[in-house]
Structure formats: C-alpha cells, structure tokens
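Everything below concerns the one structure shown next.
Numbering of ligands and ligand atoms starts at 1, following listing order. This structure is a prediction, so every number in the text was calculated from the model and none was measured.
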Amino acid sequence: MTIDIITLFPEAFECIMSFGPIRKAVESGSLKIRFFNPVDFAPHPKQVDDEPYGGGAGMVMKPEPLYKALQKAKEGFSESYVIYMSPQGRILTQEKVKELSGREHLVLISGRYKGIDERIMAFVDEEISIGDYVLSGGEIPAMVILDAVARLLPGAMSDPDSWRTDSFEDGLLDAPYYTRPREFMGMEVPEVLLSGHHGKIEKWRRYQRLKRTLLKRPDLLKKAKLSEEDRRILEEIKRELGIEE
Ligand code: 4HQ
C-alpha cells in the first residue's frame, strides 16, 4: 500500500521511518511512503498560512497549496482514502487501523497552526483523532497511524504471528508477560507458565486477559468477542473479586 503524508515538516518523520516495523514494511516492499509539502505547491513567496477571516488569534493553512498537494498525491490512484488528523475526528481504534491497513492508498493530512481552511474538508473522507488533548500539529497523529498500520503489513514484523495476541485483537487487553530470571526481587514467575502444559497456559492467559480487561478497561468488554466460556469465567472473576453488576 501507499501512504502519502501532506505536511510542512516531512523531516519530522525521518526517525520513525529509520527503524522497526515501518522500516521493515518499506524495505520488504509492502509499504511505500511519500511526502507532499504544501510549501512546494504555493506560488512565490511560498505562503502556506494566513489570518483567519473574522479575526482572532492564530493562523490558518491556506486551501490552494493543500488542494494542489492532495491532487498530486492522488495522481495515478483510482481509490484514495483521505484522512485529516484532528481532535474533532473519531478516536482511532485497532478496528479502524485494521480497516485502513486493507486500503491501497491513504493520504494523511497533518495540519499546523489553528488547522486548515474548512473548505478542504470537502475533499476529506474522514477525520481521525488520536485522543482528547491538543497537539501542536497533525504530524504525531499521522506517525501514530503510520506505525499502527505498518506493523500489520506483510514483512513488517519479524514474528508475523505476534499480532494475534496483541491487546484489542479480539477486544481484550493482553495477558501479563514474564521472561528470565525465574525469580526477580523475590517475585516468582507464575508456576503454570513453567509447566510446559500448553492447554493450561492458554487457559491461564485467557483468564488473565479477561480479568485485566474487567479491572482496567471494563468499557472494552461491551464490544469484545466473548465465548460462552469467557462469559462464565468473567462471572467467576466477578464473584471472586466481589464485583456486583
Ligand atoms: N491536532 N488527534 C492538528 C490534534 C490532533 C489530535 C491539533 C491536530 C492541531 C492543527 N490531531 N491541529 N489530538 O491535537 O489528531
């Protein structure tokens, strides 16, 4: 797939592209990343921002350079999905990340200042937010999408099965992990993990995932994919913890 990023600061992306899953996805050929800088599409004197009509503090990104950058990015693609990074969008979820990872062409618009001229929204398919806080630009949100999408692409992960157990993969948080040594600061690794009994280990992990989700993110349980057995275990955990419904 191709991910195009429209930004005034393409250099900001260099570090995340130089290692890890994004680099691997690019090197393996499953991901192509391109940058379009509105400055390059602005006529002399290269002005990309201007004062807001109606007055008020802060600057707004002018529509024409953004529009031209967007048209350039879309050239040669029959279907492009254009995303504007904004706190007004729906908050990014793993479900959305998966959906995006199946597209052929994404265009991420990273705004600066107060944002972009509202008329550019006519060319945007979706607004996405990475959380309810204010950043100084849409670059970090675009990096978040880039990272989350890239790691799902073939060739991005050294262990391609690893995503199966990720948090959220079936709507639950991940299980706790332990590695050597067996004892650390007086704390032991749970016995079952040393047993070599795969059935028991799987059951223990499922139990831990359900318990963690219930305790840390009970909101996730409403949308999680739960079996009859999961529901039974959850009831048992609630009874053990004395949680009333
Ligand atoms: N922005 N999730 C870009 C954000 C944001 C967020 C603030 C986006 C400034 C210009 N984007 N504007 N949170 O805070 O996506």
Checklist entry - Could Lys238 and Glu235 be called an ion pair, given the rule that one side-chain N must be under 4.0 Å from one carboxylate O? => result yes
Checklist entry - Given the rule in the salt bridge (Lys or Arg N to Asp or Glu O under 4.0 Å) test, do Lys223 and Asp170 qualify, once you have shown the distances and angles that lead to the verdict? => result CA-CA 9 Å; Lys223 285 217 285 174; Asp170 47 15; over 6 Å; no
Next on the checklist: Same cluster or not: Leu66 versus Phe9, using hydrophobic residues (I, L, V, M, F, W, Y) connected whenever any side-chain heavy atoms lie under 4.5 Å apart?
Outcome noted: yes
Item to check | Intermediate values then yes/no, side-chain contact (heavy atoms from CB on, under 4.5 Å), Leu221 and Asp219 | outcome: CA-CA 6 Å; Leu221 287 174; Asp219 56 299; over 6 Å; no
Show which side-chain atoms of residues 173-181 pair as donor or acceptor with protein atoms under 3.5 Å away, not counting sequence neighbours.
from   : atom 1 : to     : atom 2 : distance (Å)
Asp174 : OD1    : Tyr177 : OH     : 3.1
Asp174 : OD2    : Tyr177 : OH     : 3.1

Next on the checklist: What verdict does the salt bridge (Lys or Arg N to Asp or Glu O under 4.0 Å) test give for Glu99 and Lys96, after you've listed the backbone C-alpha separation in whole Å, the side-chain angles of each residue and the deciding distance to 0.1 Å?
Outcome noted: CA-CA 5 Å; Glu99 181 196 312; Lys96 176 57 72 179; 3.2 Å; yes
Checklist entry - List by chain and number: which residues place a heavy atom under 4.0 Å from ligand 1? => result Met85, Ser86, Pro87, Gly111, Arg112, Tyr113, Gly115, Ile128, Ser129, Ile130, Gly131, Tyr133, Val134, Leu135, Gly137, Gly138, Pro141
